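Shown next, in structure tokens, is the structure this report addresses.
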Amino acid sequence: MVYHWRALRNLDSLWSAHRDHTRSFLEEWAPQSKTIYLIGPSGGYSLPKEWLKRFKNIIAFEPDPTARLIFELRNRVRPQWITTPFDFNDLHESKIQFDPDAA
């Protein structure tokens, strides 16, 4: 909980350069897919709200219930939450699969 409080408190100061660079990268990337997978988005502190609204379906791996709540409140979107921790080995072993057309 302390992490989230500090992240929100410092969003426009300590995080501003990071957020600006992330916004620039995401705007340049501009995927055409209407579905995106997010791995560990936390409260979505680094993701521009306008950019997220481009997607019809957001599937997010986030085990932290506080982060999920903050993400939804800040961004006014409700992803399909996968609450178990993401493991790249599961992806490699085909235990989980992503839609090949998704971002």
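This one's a predicted model, so the numbers in the text were calculated from it and none came from an experiment.
Not counting sequence neighbours, the partners of R19 by the salt bridge (Lys or Arg N to Asp or Glu O under 4.0 Å) test are D12. Every salt bridge (Lys or Arg N to Asp or Glu O under 4.0 Å) that D20 has, sequence neighbours left out, goes to R23. With sequence neighbours excluded, no residue satisfies ring pair (Phe, Tyr, Trp, His ring centres under 6.0 Å) with Y3. Scanning for side chain to side chain donor-acceptor pair (under 3.5 Å) contacts around H18 gives S46, with sequence neighbours left out.
Under the side-chain hydrogen bond (donor to acceptor under 3.5 Å, both in side chains) criterion, the residue pairs touching residues 24-42 are T35-N57, with sequence neighbours excluded.
L38 is listed as a side-chain neighbour of I58, based on a closest heavy-atom distance under 4.5 Å.
Note that CD1 of I36 is 3.5 Å distant from CH2 of W51, once rounded to the nearest 0.5 Å.
Residue W5 shares its hydrophobic cluster (ILVMFWY side chains chained together at separations under 4.5 Å) with no other residue.
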Atom pairs and distances, side-chain donor-acceptor, residues 91-103, under 3.5 Å, sequence neighbours left out:
| unit_1 | atom_1 | unit_2 | atom_2 | d |
| --- | --- | --- | --- | --- |
| E93 | OE1 | K95 | NZ | 3.2 |
| D99 | OD1 | D101 | N | 2.9 |

Can I get a per-line list of side-chain donor-acceptor pairs under 3.5 Å for residues 66-78, giving both atom names and the distance, sequence neighbours left out?
| unit_1 | atom_1 | unit_2 | atom_2 | d |
| --- | --- | --- | --- | --- |
| R68 | NH1 | E62 | O | 2.8 |
| R68 | NH1 | P63 | O | 3.1 |
| E72 | OE2 | W81 | NE1 | 2.6 |
| R74 | NH1 | G44 | O | 3.2 |
| N75 | ND2 | F71 | O | 3.0 |

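Closest non-hydrogen pair, T84 versus F61, comes out as O-CD2, 4.2 Å.
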Given the rule in the side chain to side chain contact (heavy atoms under 4.5 Å, CB included) test, do D64 and T83 qualify, once you have shown the distances and angles that lead to the verdict? CA-CA 7 Å; D64 179 355; T83 59; over 6 Å; no

